Student: 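Below: one structure in structure tokens.
We use all heavy atoms of the structure for the numbers below, so side chains are in, but hydrogens, waters and symmetry mates are not. For reference, positions follow the sequence shown, starting with 1. Being a predicted model, the structure only gives us computed values, none of them experimental.
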Amino acid sequence: MSLPTISTLHLHLLLPALGWVLLYFVWQGLLVGAVSAAGLWLLRGAAARWRYALCALALLLCLAIPAAHLLALLLGDAPVPPSSSTPLPAWRAAIDAWLPALVLAWSAGVGLMSLRLCLGLAWVGKLRRQAVAAPAIWQARLDALAQRMGLRQALPLKLHAGLSSPVTVGFWRPVVLLPVALLSGMPVALVEALLAHELAHVRRWDYLVNLLQSVAEALLFFHPVVWWLSARMRAEREQVADALAAQALHDPQQLASALHALSLQASLPGSPHAPEAAQSGLLLSARGGALLTRIRSLVAPAPAASGWKLAVPALLLAGATLFMQTQGKPAVGAATLAEATAAMLDLPVSAKHMLVFDDSTGQVLMAKDADAVVPIASITKLMTAMVVLDAGLDPQEQLRIVRADGASSMQRDSLLADGAAVSRGALLQLALLPSENRAAAALARTYPGGHDAFVQALQAKIHSLGLTRTHLREPVGSSPGNTSTATEVAKIVAAAARYPDIARITSHPQASVAVNGKTRTLRNTNPLVGGKGWDIVLSKTGSSHEAGSCLSMRMRSGGKNVTVVLLDADGAQRRSLDAGNIRDTLAGRTARMY
């Protein structure tokens with residue numbers, strides 16, 4: 001076999017060879033995808049860097065296999081043209097006739113994908129030119145982080161108003177771009193954690209690898225396995241960068257809190273959208289990948305996976321045990337199903353007291369020390385709202401705030417000044433949405449008969465709901481003497497859900513009310529309300545030194561109403577993370593049932 005010269009490499013030989021390579025790669029790519037899926041399953045408990053390496057190897061194979069096939073066809077002995085006495089089979093002749101059109105269509109697709117890539121690179125260049133230098137103090141923080149992470153090259157830090165997350169651009173002369181809004185909307189420690197994540201990308205030359213991925217997507221755009229591998233590789237890359245950043249910060253919780261705050265800030269109305277380059281995968285953003293999965297891996301890392309030789313007998317043993325348990329048993333009874341469900345939903349949460357309750361069936365899906373009597377802080381205001389609404393008072397009546405309304409309040413920044421004129425309906429919104437203490441106190445003071453009459457009505461309401469372990473001394477929740485249990489808070493939520501006004505007010509992320517003739521915007525203290533993937537129909541939070549962070553809400557899950565109560569969680573962010581874990585687990589259970 002001799003190497004062909006350029007003159008012998010005619011177009012009529014290249015087109016058929018390229019066409020057959022594209023056809024063969026359809027099944028070759030599926031085979032690579034199947035093997036990769038099996039490998040990722042085996043590595044599901046391993047460190048993210050191993051899954052990242054597997055995806056990178058598989059994507060490299062997707063490029064190498066057709067390249068090697070094409071080279072073999074072109075460097076092989078030239079086929080002898082068939083004579084008229086030895087015609088090609090009909091199916092082969094039909095395929096050969098379509099090969100030029102196939103190659104032409106592939107070339108057009110590659111051209112369009114290449115144009116998309118070039119436009120993305122132009123957008124990245126525009127972002128870089130529009131950014132301005134960050135203040136010197138922030139540049140110094142980035143330099144210190146870079147030195148701690150072993151980076152010797154100078155890394156400029158610039159600000160851009162159109163971004164929603166820090167991003168890294170460039171590989172030869174990388175630049176970290178920081179959204180202007182983060183400097184004023186996020187604590188310094190959390191911003192530094194996000195910058196450490198971006199520096200991890202720089203240390204690993206991820207921008208260059210990401211660019212090569214985009215080239216692979218352009219060349220093999222027609223195969224879904226290539227897109228799946230590339231997307232999975234990007235998701236695993238974010239987890240690898242998280243691990244490096246957490247190692248440099250010596251505190252995984254710091255980065256987890258930053259990612260959680262970033263996701264909440266990005267979901268707020270009016271937040272900047274991701275630029276086109278980020279949507280096409282060119283930018284390395286801290287918001288990349290599955291944020292909840294990344295936060296979980298930082299807060300509660302999975303134990304190291306055993307080798308596959310140990311996993312196989314464990315799976316066989318589990319299957320044999322399940323088989324023996326199901327022998328001789330007809331359908332699963334309601335009690336068995338309840339036990340299985342409760343066991344399946346027994347996931348770790350930071351809240352010391354918890355209850356997850358299916359309102360449709362009356363079934364407790366998950367409980368954690370749900371009968372302990374503990375302070376409930378501003379969840380008290382749900383009871384206050386019910387007592388006020390039971391009185392049937394005029395919601396339009398104008399009430400005036402007095403100094404006594406703030407006497408027992410521990411709230412530092414109140415929306416209501418002494419002498420402010422506010423309608424009773426607006427006070428109800430203020431008490432429930434931003435949890436304004438002075439609004440709740442004013443509602444109780446202006447109750448028919450005054451504060452003492454309100455307290456008597458409150459005790460009567462507690463008795464009517466059958467709450468034997470709930471003790472409320474005042475309408476605000478600032479007193480540690482306002483106590484209940486997670487089980488009885490779920491009953492309070494069920495009762496409050498029967499009041500349309502309470503459900504309407506607390507199920508919106510924000511509202512506008514008039515205070516002294518001026519419109520004020522109120523924001524829900526539960527940042528999950530109105531968030532993507534959440535269908536919350538009632539909500540109330542609470543927080544104090546004695547009670548910790550508390551959350552009571554009713555949400556829709558799998559077509560059913562589910563009540564979630566979390567008491568004494570480790571801060572508002574961990575409380576939201578707990579709720580997210582519960583929501584995702586409920587969704588997974590529903591998917592398995594159907």
Student: Taking side-chain hydrogen bond (donor to acceptor under 3.5 Å, both in side chains) as the definition, give me every residue that meets it alongside Thr541, ordered by chain and number, with sequence neighbours left out.
Tutor: Thr525
Student: Quick one: side-chain contact (heavy atoms from CB on, under 4.5 Å) partners of Ala426, sequence neighbours excluded?
Tutor: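 Per chain and number, Ala426 pairs via side-chain contact (heavy atoms from CB on, under 4.5 Å) with Val422, Ser423, Val513.
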Student: Give a yes or no on whether Trp228 atom CH2 has more than 12 heavy-atom contacts from other residues, nucleotides or ligands under 6.0 Å away.
Tutor: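 Correct, the count exceeds 12.
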Student: Answer whether the closest heavy-atom distance between the side chains of Leu177 and Glu198 falls below 4.5 Å.
Tutor: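 Not in contact.
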Student: Name all residues meeting the salt bridge (Lys or Arg N to Asp or Glu O under 4.0 Å) criterion together with Asp143; count only those two or more places apart in sequence or in a different chain, and write none if there are none.
Tutor: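 Partners of Asp143 under the salt bridge (Lys or Arg N to Asp or Glu O under 4.0 Å) test: none.
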Student: So, Lys381 versus Thr384: side-chain donor-acceptor pair below 3.5 Å or not?
Tutor: no
Student: Just so I know, are the side chains of Ser552 and Ser539 near enough to count as touching, which here means a heavy-atom distance under 4.5 Å?
Tutor: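 Sidechains of Ser539 and Ser552: no contact.
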Student: Could you tell me if the side chain of Arg51 sits less than 4.5 Å from the side chain of Leu54, heavy atoms only?
Tutor: no
Student: Would you please name every residue forming a side-chain contact (heavy atoms from CB on, under 4.5 Å) with Ala200, sequence neighbours left out?
Tutor: Met149, Ala241, Leu244
Student: Can you name the residues that form a side-chain contact (heavy atoms from CB on, under 4.5 Å) with Val215, not counting sequence neighbours?
Tutor: Leu117, Leu219
Student: Using atom types as modelled and distance alone, determine if a side-chain donor or acceptor of Arg575 lies under 3.5 Å from a backbone N or O of Leu566.
Tutor: no
Student: List the residues meeting side-chain hydrogen bond (donor to acceptor under 3.5 Å, both in side chains) with Asn561, not counting sequence neighbours, and say none if there are none.
Tutor: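 Listed in chain order: Arg556.
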Student: Would His353 and Val374 count as a side-chain contact (heavy atoms from CB on, under 4.5 Å) if you check the C-alpha gap in whole Å, the side-chain angles of each, and the deciding distance to 0.1 Å?
Tutor: CA-CA 9 Å; His353 314 279; Val374 293; 3.4 Å; yes
Student: Taking it one step at a time, do Asp418 and Arg403 satisfy salt bridge (Lys or Arg N to Asp or Glu O under 4.0 Å)?
Tutor: CA-CA 6 Å; Asp418 294 345; Arg403 178 170 298 181; 3.6 Å; yes
Student: Tell me yes or no: between the side chains of Asn526 and Lys540, is some donor less than 3.5 Å from an acceptor?
Tutor: no
Student: Drop me the distance from Leu142's CG to Ile137's CD1, to the nearest 0.5 angstrom.
Tutor: 13.0 Å
Student: Kindly indicate, with the supporting measurements, whether the criterion side-chain contact (heavy atoms from CB on, under 4.5 Å) is fulfilled by Arg237 and Val209.
Tutor: CA-CA 10 Å; Arg237 175 189 293 133; Val209 177; 3.7 Å; yes
Student: Taking Gln510's backbone N and O only, do any of them form a donor-acceptor pair with His508's side chain (distance below 3.5 Å, no angle check)?
Tutor: no
Student: According to side-chain hydrogen bond (donor to acceptor under 3.5 Å, both in side chains), who are the partners of Ser549, at least two apart in sequence or on a separate chain?
Tutor: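 Checked Ser549 against side-chain hydrogen bond (donor to acceptor under 3.5 Å, both in side chains); zero matches.
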Student: In Å and rounded to the nearest 0.5 Å, what is the OG to CG distance from Ser507 to Asp535?
Tutor: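 Going from OG on Ser507 over to CG on Asp535, the span is 9.0 Å.
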Student: Closest heavy-atom contact between Leu155 and Ala146?
Tutor: CD1-CB, 4.2 Å
Student: According to side-chain contact (heavy atoms from CB on, under 4.5 Å), who are the partners of Ala421, at least two apart in sequence or on a separate chain?
Tutor: Gln398, Arg400, Asn516
Student: Do any N or O atoms from the side chain of Arg203 and from the backbone of Gly150 form a donor-acceptor pair under 3.5 angstrom?
Tutor: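 No, the answer is negative, given that no donor and acceptor are paired below the 3.5 Å cut-off.
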Student: State, with a plain yes or no, whether a side-chain heavy atom of Val529 is found less than 4.5 Å away from one of Thr506.
Tutor: no
Student: Under 3.5 Å, side chain of Arg583 to main-chain N/O of Gly533, donor-acceptor pair present?
Tutor: yes
Student: For Gln429 and Pro434, which heavy atoms make the closest approach, and how far apart are they?
Tutor: O-CD, 3.4 Å
Student: Measure the shortest side-chain to side-chain distance between Met555 and Leu586 over non-hydrogen atoms and say whether it is less than 4.5 angstrom.
Tutor: yes
Student: Is Asp578 close to Val564 at the side-chain level, that is, under 4.5 Å between some pair of heavy atoms?
Tutor: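 They are not in side-chain contact.
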Student: Within a strict 4.5 Å, meaning less than it, do heavy atoms of the Leu229 and Val226 side chains meet?
Tutor: no
Student: Hey, does Leu355 have a side-chain heavy atom less than 4.5 Å from the side chain of Thr563?
Tutor: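 No - every pair of side-chain heavy atoms lies 4.5 Å or more apart.
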Student: Can you check side-chain contact (heavy atoms from CB on, under 4.5 Å) on Ile582 and Ser557, steps first, answer last?
Tutor: CA-CA 10 Å; Ile582 292 171; Ser557 177; over 6 Å; no
Student: Measure the CG-CG distance between Asn437 and Leu430 for me, rounded to the nearest 0.5 Å.
Tutor: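 Interatomic distance, Asn437 CG to Leu430 CG, rounded to 0.5 Å: 11.5 Å.
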Student: Applying side-chain hydrogen bond (donor to acceptor under 3.5 Å, both in side chains), name anything that partners Ser230, two or more places apart in sequence or on another chain.
Tutor: Gln213, Glu217, Arg234
Student: Among Leu57, Val240, Leu43, find the one that has a side-chain contact (heavy atoms from CB on, under 4.5 Å) with Tyr52.
Tutor: Val240
Student: Between Thr380 (side chain) and Ala377 (backbone), is there a donor-acceptor pair under 3.5 Å?
Tutor: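 Yes, the answer is positive, given that a donor and an acceptor are paired below the 3.5 Å cut-off.
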Student: For Arg504, check salt bridge (Lys or Arg N to Asp or Glu O under 4.0 Å) against everything at least two apart and list the hits.
Tutor: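 Residues passing salt bridge (Lys or Arg N to Asp or Glu O under 4.0 Å) with Arg504: Asp501.
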Student: Not counting sequence neighbours, which residues clear salt bridge (Lys or Arg N to Asp or Glu O under 4.0 Å) with Arg141? List them please.
Tutor: Glu192
Student: Look only at the side chain of Lys352 and the backbone of Gly548, and say whether a donor-acceptor pair between them is shorter than 3.5 Å.
Tutor: no
Student: Sequence neighbours left out, what passes salt bridge (Lys or Arg N to Asp or Glu O under 4.0 Å) with Arg520? Give chain and number order.
Tutor: none
Student: Look only at the side chain of Gln239 and the backbone of Ala48, and say whether a donor-acceptor pair between them is shorter than 3.5 Å.
Tutor: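 Such a contact is absent between Gln239 side chain and Ala48 backbone.
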Student: Looking only at atom types and distance, does a side-chain atom of Arg116 sit under 3.5 Å from a main-chain N or O of Met113, one as donor and one as acceptor?
Tutor: no
